[in-house]
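Notes follow the structure.
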Amino acid sequence: ETGKLRKAELQAKDEMTQVFALFSNVFGAGPSTIQKWYAQGFRTLEDLATKAQLNEQQRIGVKYYYDLQQRIPRERVEQITSVIKEQLLSLGPDFTMEVCGM
């Protein structure tokens with residue numbers, strides 16, 4: 001009747017769901033790691049940075065969390081692509097590349 005799922009709306013307000021959403025954007029963190037962090041009582045990025053045992057990827061993911069959430073303007077992507085493609089083609093004609101992303 002409302003066009004919304006009540007259960008989904010309740011889950012969106014649930015602490016575990018919010019923490020999972022936050023931690024799922026940490027580079028190098030998968031579902032099992034996120035569940036482990038939650039079980040250990042970590043709820044914020046600061047908790048991860050100061051209390052969690054992180055691997056190198058996760059440490060980078062926490063340190064640059066907000067930077068990694070920013071979108072790169074398409075014009076900048078095209079500039080970077082041009083440089084990489086030039087270098088790739090200098091290695092030989094058999095290489096190809098595809099730019100991917102959100």
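Atom set for the values below is all heavy atoms of this structure, side chains included, hydrogens, waters and symmetry mates excluded.
Linking Ile, Leu, Val, Met, Phe, Trp and Tyr whenever their side-chain heavy atoms come within less than 4.5 Å puts F23 and Y66 in one cluster. A single hydrophobic cluster is seen to contain both V99 and F95, as judged by linkage of ILVMFWY side chains at heavy-atom distances under 4.5 Å, directly or through other members. Under the 4.5 Å side-chain heavy-atom criterion for ILVMFWY residues, a single connected hydrophobic cluster contains both Y64 and F27. Hydrophobic clustering keeps L89 apart from I84 (ILVMFWY residues linked when any side-chain heavy atoms are closer than 4.5 Å, directly or through intermediates).
Rounded to the nearest 0.5 Å, atoms OG (S90) and CD (Q87) are 5.0 Å apart. The OG1 atom of T33 sits 10.0 Å away from atom CG of L54, with the distance rounded to the nearest 0.5 Å. Annotation: the span from I80 atom CD1 to I72 atom CD1 amounts to 5.5 Å, rounded to 0.5 Å. Atom CD of E46 is separated from atom CZ of R43 by 15.0 Å, given to the nearest 0.5 angstrom. The line from OG1 of T96 to CG of L88 is 7.5 Å long, rounded to the nearest 0.5 Å. One finds the CD1 atom of I60 at 9.0 Å from the CG atom of L68 (value rounded to the nearest 0.5 Å).
Pairing each heavy atom of W37 with each of A52, the nearest pair is NE1-CB, 4.2 Å. Annotation for T81 and M97: closest pair CG2-CE, 3.6 Å, computed over non-hydrogen atoms. Closest non-hydrogen pair, G61 versus V26, comes out as C-CG1, 4.1 Å.
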Test side-chain hydrogen bond (donor to acceptor under 3.5 Å, both in side chains) on Y38 and E15 and set out the steps. CA-CA 10 Å; Y38 189 84; E15 178 192 54; 3.0 Å; yes
Evaluate the criterion side-chain contact (heavy atoms from CB on, under 4.5 Å) for residue pair R74 and V77; output intermediate values, then yes/no. CA-CA 5 Å; R74 186 69 187 169; V77 171; 4.0 Å; yes
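Salt-bridge annotation for K51 and D47: present, with a side-chain N of the basic residue lying under 4.0 Å from a carboxylate O of the acidic one.
Counting only distance, with no hydrogens or angles, the side chain of Q58 and the backbone of G28 share a donor-acceptor pair below 3.5 Å. Judged by distance alone, with hydrogens and angles left aside, the side-chain atoms of S82 form no donor-acceptor pair with the main-chain N or O of Q79 at under 3.5 Å.
The one candidate from T50, L48, I34 that meets the side chain to side chain contact (heavy atoms under 4.5 Å, CB included) condition with F42 is L48.
Other residues, nucleotides and ligands contribute over 12 non-hydrogen atoms within 6.0 Å of the CD atom of Q69. Other residues, nucleotides and ligands contribute over 12 non-hydrogen atoms within 6.0 Å of the CD atom of E78.
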